[in-house]
2 protein chains.
Amino acid sequence: MARPSGSDAGVTGPRVRQAAERLFARHGYAAVSMRQIAAEVGIGAGALYHYTPDKQALLAGLMRDHMTEVLAGWAAADPGGDPVARLDAFARFHIRFHLDRPDAVFIAYMELRSLEPANFAEIERLRREYEAVPQDILRAGAASGAMRVPDVKLAGMALIAMLTGVNTWFREGGRLDRGAVERIYAGMARGMVGA
Amino acid sequence: MARPSGSDAGVTGPRVRQAAERLFARHGYAAVSMRQIAAEVGIGAGALYHYTPDKQALLAGLMRDHMTEVLAGWAAADPGGDPVARLDAFARFHIRFHLDRPDAVFIAYMELRSLEPANFAEIERLRREYEAVPQDILRAGAASGAMRVPDVKLAGMALIAMLTGVNTWFREGGRLDRGAVERIYAGMARGMVGA
DNA sequence: GTCTATAGTGAGATAGAC
DNA sequence: GTCTATCTCACTATAGAC
């Protein structure tokens, strides 16, 4: 039957994380208070501590979840095989995945400095794992002669920076739809490495 | 003769701005207290208010100065003429200028959300003015047939994002020096637009 | 120009009732 | 599971002495 009024285990937890994600992305971790998060969820500030031991764990959890999701997402989307096809798939995947999660992306890139050392080390490790993805593709492309890559690390970092930049200006319903943006950026990515 | 002990007009002001820039870049505007800034300069917190009306004006001043400097810097570095040569010059200028001011760059990109509406509008206007620079170059290059640019706005934003990304990984004394990084990125920029 | 002191506010986190 | 109340601490900004 109905739970006691106001109780909703299994629903409030996710709502706390969603509210925190939205507010951290808008105003920054340091600028957001536990009271604001609680107000957004519709509970008192004290009740938050049933869902997180503290504010720092809330941030670290959001960032860890985001990084593991992006790694799992690419593992599922990676076509393997031809490096040029993989580069194309990576560019499109990165744009699509990041446009779907603007708040999580913003936090992942901006709040590294708000992490305590142990959490920072963990998230940084996951980030480097993702940075290795385009570098592996470019290395294979250069080895096969299908790409001209003057420096694998630089080109990989340049590629990620270029693709992530879409999040700063893309607005749904604007001049170009996602498909067009994916296509144009994938083309620029190929041009970057002479593919 | 010697000024009264502890007094140093014309020196303390810049030191306040430098300390604020360093701390805002490291920890974020919201996370930095006026007490921390004062401690870094070696004065009491109250004395800060002789150099800025408040914390917000300190941030807005740093961002305004940075944006006007980058615009003036490009005006001085722009070779004009051939679009491909200008693209090359822009890529190199952007990397060089940004590597010289990592803290100001970090703040300019990360603390837009910390600006009050009037300050935000002013800084955003300057930012758009700078974003127009590569777009003008690419438009000219596409018109002359020297470049293949599927979308001028997208390519301009992609270029800036790619170049600014250097600041996230470049470390002085690392594997590559600035000249090599400038050269490699300028090459990728040309490739991006088929020049 | 800098100091000390303080007003006024709001923060993170905890305790115990229900 | 949520509430209210509260502890403890830190913050921005100001006032007035020197």
Side-chain angles (χ1 to χ4, degrees), chain A residues 1-24 26-63 107 111 113-119, chain B residues 1-21 23-24 26-62 107 111 113-119:
Chain A
M1 303 298 292
R3 287 193 183 81
S5 160
S7 164
D8 233 337
V11 169
T12 306
R15 288 189 61 216
V16 167
R17 286 186 285 277
Q18 283 162 24
E21 181 171 289
R22 214 182 72 88
L23 289 168
F24 289 166
R26 293 263 191 303
H27 310 292
Y29 173 76
V32 172
S33 71
M34 294 298 268
R35 283 170 174 80
Q36 274 178 275
I37 298 169
E40 180 112 340
V41 176
I43 60 179
L48 282 180
Y49 291 85
H50 285 283
Y51 302 99
T52 179
D54 54 29
K55 192 183 172 189
Q56 171 73 200
L58 197 47
L59 174 66
L62 289 173
M63 294 178 74
I107 293 169
E111 299 295 356
R113 64 186 173 190
S114 302
L115 291 172
E116 289 164 6
N119 291 326
Chain B
M1 304 296 293
R3 286 194 183 81
S5 159
S7 164
D8 232 337
V11 170
T12 307
R15 288 189 61 214
V16 167
R17 284 186 286 277
Q18 282 162 24
E21 181 170 288
L23 290 168
F24 289 166
R26 293 264 190 303
H27 310 293
Y29 173 77
V32 172
S33 70
M34 294 299 265
R35 281 172 174 77
Q36 276 178 274
I37 298 169
E40 180 112 340
V41 176
I43 60 178
L48 282 181
Y49 292 86
H50 285 284
Y51 302 100
T52 180
D54 53 29
K55 193 183 170 188
Q56 171 72 202
L58 198 46
L59 174 65
L62 289 173
I107 292 168
E111 300 296 356
R113 64 186 174 192
S114 301
L115 291 172
E116 289 164 6
N119 292 326

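Basis for what follows: all heavy atoms, side chains included, without hydrogens, waters or symmetry-related copies. Quick note on labels: first sequence line is chain A, next is B, and so on, each numbered from 1.
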Original post:
Looking at C:dG1, C:dA13, D:dC3, which one has an atom nearest to any side-chain atom of A:I43?
Top reply: D:dC3

Original post:
Atom CG of B:L58 and atom C1' of D:dA13: how far apart are they, to the nearest Å?
Top reply: 14 Å

When you compare the protein's N or O atoms with those of nucleotides 5-11 of chain C, which come within less than 3.5 Å of each other, and at what distance?
residue : atom : partner : partner atom : Å
C:dA11  : OP1  : A:S33   : OG           : 3.2

Subject >> Closest nucleotide among D:dA13, D:dC3, C:dC3 to the B:A47 side chain >> reply: C:dC3

Subject >> Donor-acceptor contact present, side-chain A:Y29 to main-chain A:Q56, <3.5 Å >> reply: yes

**OP:** May I have the distance from A:L48 (atom CG) to D:dT4 (atom C1'), rounded to whole angstrom?
**Re:** 15 Å

Subject >> Where at least one partner belongs to residues 39-53 of chain B, residue pairs that pass salt bridge (Lys or Arg N to Asp or Glu O under 4.0 Å), sequence neighbours excluded >> reply: B:R22-B:E40

Original post:
Starting at CG of B:D54 and ending at P of D:dC11, how long is that distance when rounded to a whole Å?
Top reply: 17 Å

Subject >> Any residue meeting salt bridge (charged side-chain N to carboxylate O under 4.0 Å, His left out) with A:E116, in chain and number order, not counting sequence neighbours >> reply: none

Original post:
Considering residues at least two apart in sequence or located in another chain, which fulfil the salt bridge (charged side-chain N to carboxylate O under 4.0 Å, His left out) criterion with B:E21?
Top reply: none

Subject >> All pairs passing salt bridge (Lys or Arg N to Asp or Glu O under 4.0 Å) where residues 43-53 of chain A contributes a residue, at least two apart >> reply: none

Original post:
To the nearest angstrom, how far is B:Y49 atom OH from D:dA15 atom P?
Top reply: 12 Å

Original post:
In chain order, what residues pass the salt bridge (charged side-chain N to carboxylate O under 4.0 Å, His left out) check against A:R15, with sequence neighbours excluded?
Top reply: none

